[in-house]
There are 2 protein chains.
Amino acid sequence: MGSESADKPATLADVARLAGVSQQTVSRVVNNTGPVATRTRARVSEAVGQLNYVPNRLAQGLARRRSHSIGFATNDIALHAPSQLTSGIERAAREVGYSLIVSIVPDYGLGSVTQTLRVLRERQVDGLLINASLSRADAAEIRRRFADVPCVFLDVPPGTPVHAALLDQRRGAVLAAEHLTRLGHTRIACIHAPQDAVAEHSRLQGWQDVLSNQGLSLVGQQEGDWSPASGYRATVALLASGVAFSGLLVGNDQMAVGALRALWERGLRVPGDVSVIGYDDTAESALLIPPLSTVRQDFPTLGRRAFHHLKALLDGQEPQTMPLTQPELVVRASTAAPDERPDWRTALKVLETHLTNR
Amino acid sequence: MGSESADKPATLADVARLAGVSQQTVSRVVNNTGPVATRTRARVSEAVGQLNYVPNRLAQGLARRRSHSIGFATNDIALHAPSQLTSGIERAAREVGYSLIVSIVPDYGLGSVTQTLRVLRERQVDGLLINASLSRADAAEIRRRFADVPCVFLDVPPGTPVHAALLDQRRGAVLAAEHLTRLGHTRIACIHAPQDAVAEHSRLQGWQDVLSNQGLSLVGQQEGDWSPASGYRATVALLASGVAFSGLLVGNDQMAVGALRALWERGLRVPGDVSVIGYDDTAESALLIPPLSTVRQDFPTLGRRAFHHLKALLDGQEPQTMPLTQPELVVRASTAAPDERPDWRTALKVLETHLTNR
DNA sequence: CTAAAAAATGTTAAGGCTAACAGTTGTGTG
DNA sequence: CACACAACTGTTAGCCTTAACATTTTTTAG
């Protein structure tokens, strides 16, 4: 007893033979579809257990024309957002018996996405979750090209006429920028990620809009690639450019790590000299030095919602457009009013501690 | 033109009809198997293009008894290691036409893993990559239960008689501990992750062995859960316990972030008062304050190797046991000799900068 | 006790593809 | 020109399930 595998895995036919019934009856028992006499059911169950029968989902998918799997096409899964998303999606899918085929979109660009989706479609996925940055036009094109598969997009401009589960990137950016302006900052620079990322474009836009509403504009802009190292380099470049700024908007928390570091190296205090605000609220952010003010995004929940939206589509419901998921401003110690004078007392106390300690 | 989808996707039969040949010939053209006359091939290709035929991988898998997909069972994919691994595995798989079904093992324990693998096997995956912490015995049990599917394990004790792709966790731990002892630290504490994680057990073991070789032992131990917050709490607990320590071994870089923070809050300088060394070398580590000494692990490469190992198994080769992948010590500024006196000059200079700046 | 309805079971034909073998056509050789 | 052999193409029988309908019980109502 115990070993779960015979030489060849058992099929419905094997079970049927052993139980002395037809395949169909076995199928009915296994899938709990249609009426089966209690005695028969018992006999079949017995046989199923004995042969250790497990259904072949490939054959099932072929016959049912429903594979009960969905495809998730995403850009670099090693990044914060995609990995968190995956976590939420997988969980939601697993809970209702769906499997997740993950495929990474290797480059930016429509062609790359199309190629990835094509492979997933060949696998007969029932639906597609697409976390690749797509312009309105590109999303429409994909919608057209893959019209036979329900799709939910995760990174398209708001208002794109497709099914989508989106974070309100613009709103988050506005929250961050308003936080700085409300504190009194007027000289604000930013580090944004590549603008071919749709979400990132919304953020930059949001920042700029807030500033121009106040009659301000960004005094400096640098582009990073999401990585801490790029945040560091961008900050160095910003400082080297000679423009003075007291507020720094950063496209994600990882780049903010690099920014904090660059400022620290120059002897610039955060928030005394420069207030820094990030985006994402990663697990590290609350524990950085100083704790990072940021905008919280709940990716696992977004993933879960995206899946449920897709599921509704698969079940033939026409779900209503999902409202943008709202991010949340998290104020920590990396931001403060710009005119705050250096806090002599604290500074001296810290030094004292350092010198006298041990 | 351009729309890729008819009402019902075309099948081999449709293409055959249009091209005026048999299904088998179309199959031969599409899969490039067996000889086909140039003229015929052209006619078939034409028909394929016209009908926009794409093969149905479900049916193909059923007929070939090979799904060309593999299952990846992993614990929390939102963590650093699993997400990096996934990235490497997916890439390697995609390059040779395999798809990846990702399934998260929701809890620790054999039952949970078995359940996850069962689902993947039902999907007829050709092989299994298993990144769940498994004891020698549990791994053997799984090997037995899933004897009909090739498996490669990613988190089992070295020497377990199964196919495995492993990092030399013990070696990495030894590197870290030796680094501290060599610097002259004698009072060393640690923060480790849950010991039901096999890899983590090797690390703790490695640390302890190095110390006992030197006639030392850990002066403090705390358990975290990989998160920065847990690293913070563990450090606070360590400090509260009253034991003095000048070296701190941390199970991963994320917890080290929390540790750095806790030390900083207490006015303890790193490395002046406490040297801290992490594990993983995440993208942030080089840019923390101070830059974190750590042990580098290349997960994407490990993932890639694991896949290739599995692939070899699938292709009927009996690949030789893979040597443990070696981690690498990365020395940065968070570690130094314990007897280094506070550097008054630097401290004063920093204060001066702070006060006079702007 | 019988007819009709309900329940239980079986049969047949797909679903889309490939393996294995069976033909057919064409080429080169003695 | 017949023969062997290669190149090409077709036929048949699965792979494992389910849908749809057909048939055989059983139950229920009259």
Side-chain angles (χ1 to χ4, degrees), chain A residues 5-45 47-48 51-69 97 121-126 148, chain B residues 5-45 47-48 51-69 97 121-126 148:
Chain A
S5 64
D7 306 43
K8 300 281 165 193
T11 69
L12 270 193
D14 299 327
V15 178
R17 205 170 311 122
L18 180 60
V21 296
S22 72
Q23 284 194 33
Q24 194 55 222
T25 298
V26 180
S27 170
R28 279 190 271 254
V29 170
V30 171
N31 298 303
N32 199 26
T33 145
V36 179
T38 324
R39 268 182 53 84
T40 313
R41 182 180 301 273
R43 212 140 34 92
V44 171
S45 301
V48 164
L51 296 177
N52 211 283
Y53 169 75
V54 290
N56 180 325
R57 302 283 176 209
L58 250 43
Q60 211 171 51
L62 188 58
R64 288 214 256 238
R65 249 148 301 179
R66 237 4 181 32
S67 68
H68 270 251
S69 66
R121 174 161 62 180
E122 286 183 8
R123 294 265 169 202
Q124 308 300 114
V125 295
D126 293 339
D148 49 341
Chain B
S5 65
D7 306 44
K8 300 282 165 191
T11 69
L12 270 194
D14 298 328
V15 177
R17 205 171 310 121
L18 180 59
V21 297
S22 72
Q23 283 195 33
Q24 194 54 223
T25 298
V26 179
S27 171
R28 279 190 272 254
V29 170
V30 171
N31 297 303
N32 200 24
T33 145
V36 179
T38 323
R39 268 180 52 83
T40 313
R41 182 180 299 274
R43 214 141 30 95
V44 170
S45 301
V48 163
L51 295 177
N52 212 282
Y53 169 76
V54 291
N56 179 326
R57 302 283 175 209
L58 250 43
Q60 210 171 52
L62 189 58
R64 287 214 256 238
R65 249 148 298 179
R66 228 22 175 21
S67 68
H68 270 251
S69 67
R121 174 163 62 180
E122 286 183 9
R123 295 266 168 201
Q124 308 299 116
V125 295
D126 294 338
D148 49 342

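Numbered from 1 within each chain, the chains take letters A, B, ... in sequence-line order.
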> Which residues, if any, of residues 20-27 of chain B bring a heavy atom under 4.0 Å of DNA chain C?
Gln23(B), Gln24(B), Ser27(B)
> Do the side chains of Arg123(A) and Ser69(B) get nearer than 4.5 Å, heavy atoms only?
yes
> Can you give the first and last nucleotides of DNA chain D, 5' to 3', that have an atom under 4.0 Å from a heavy atom of chain B?
dC8(D) to dC16(D)
> Got a sec? Which of residues 55-66 of chain A come in under 4.0 Å of DNA chain C, heavy atoms?
Ala59(A), Leu62(A), Ala63(A), Arg65(A)
> What's the separation between atom OG1 in Thr40(B) and atom CZ in Arg43(B), rounded to the nearest 0.5 Å?
5.5 Å
> What distance separates His68(B) NE2 from Glu122(A) CD, expressed to the nearest 0.5 Å?
12.5 Å
> Do you know which two heavy atoms are closest between Tyr53(A) and Thr11(A), and how far apart they sit?
CE1-C, 3.6 Å
> Would you say Val54(A) and Gln124(B) make side-chain contact, with heavy atoms under 4.5 Å?
no
> Using rotation axes that map the C1' atoms of four end pairs onto the next four (five pairs an end), what angle separates the end axes of the helix from dC1(C)-dG30(D) to dG30(C)-dC1(D), to 10°?
40°
> Within the 4.5 Å heavy-atom criterion, are Val44(A) and Val36(A) side-chain neighbours or not?
no
> Would you give the length of the straight line joining atom OG1 of Thr25(B) to atom CG of Leu12(B), rounded to the nearest 0.5 angstrom?
10.5 Å
> Any side-chain heavy-atom pair from Ser45(B) and Val29(B) closer than 4.5 angstrom?
yes
> To the nearest 0.5 Å, what is the distance between CG (Leu58(B)) and CZ (Arg64(A))?
12.0 Å
> At a heavy-atom distance below 4.0 Å, what parts of residues 31-41 of chain B sit against DNA chain D?
Pro35(B), Val36(B), Ala37(B), Thr40(B)
> Just how far is it from atom CD of Gln23(B) to atom CZ of Arg17(B), taken to the nearest 0.5 Å?
8.5 Å
> First contact, last contact: which nucleotides of DNA chain C are these for chain A, 5' to 3', heavy-atom distance under 4.0 Å?
dA8(C) to dG16(C)
> Please find the pair of heavy atoms, one from Ala47(B) and one from Val15(B), that lie closest to each other, and give the distance.
CB-CG1, 3.9 Å
> Out of curiosity, Leu62(A) CG to Gln60(B) CD, how far, rounded to the nearest 0.5 Å?
11.5 Å
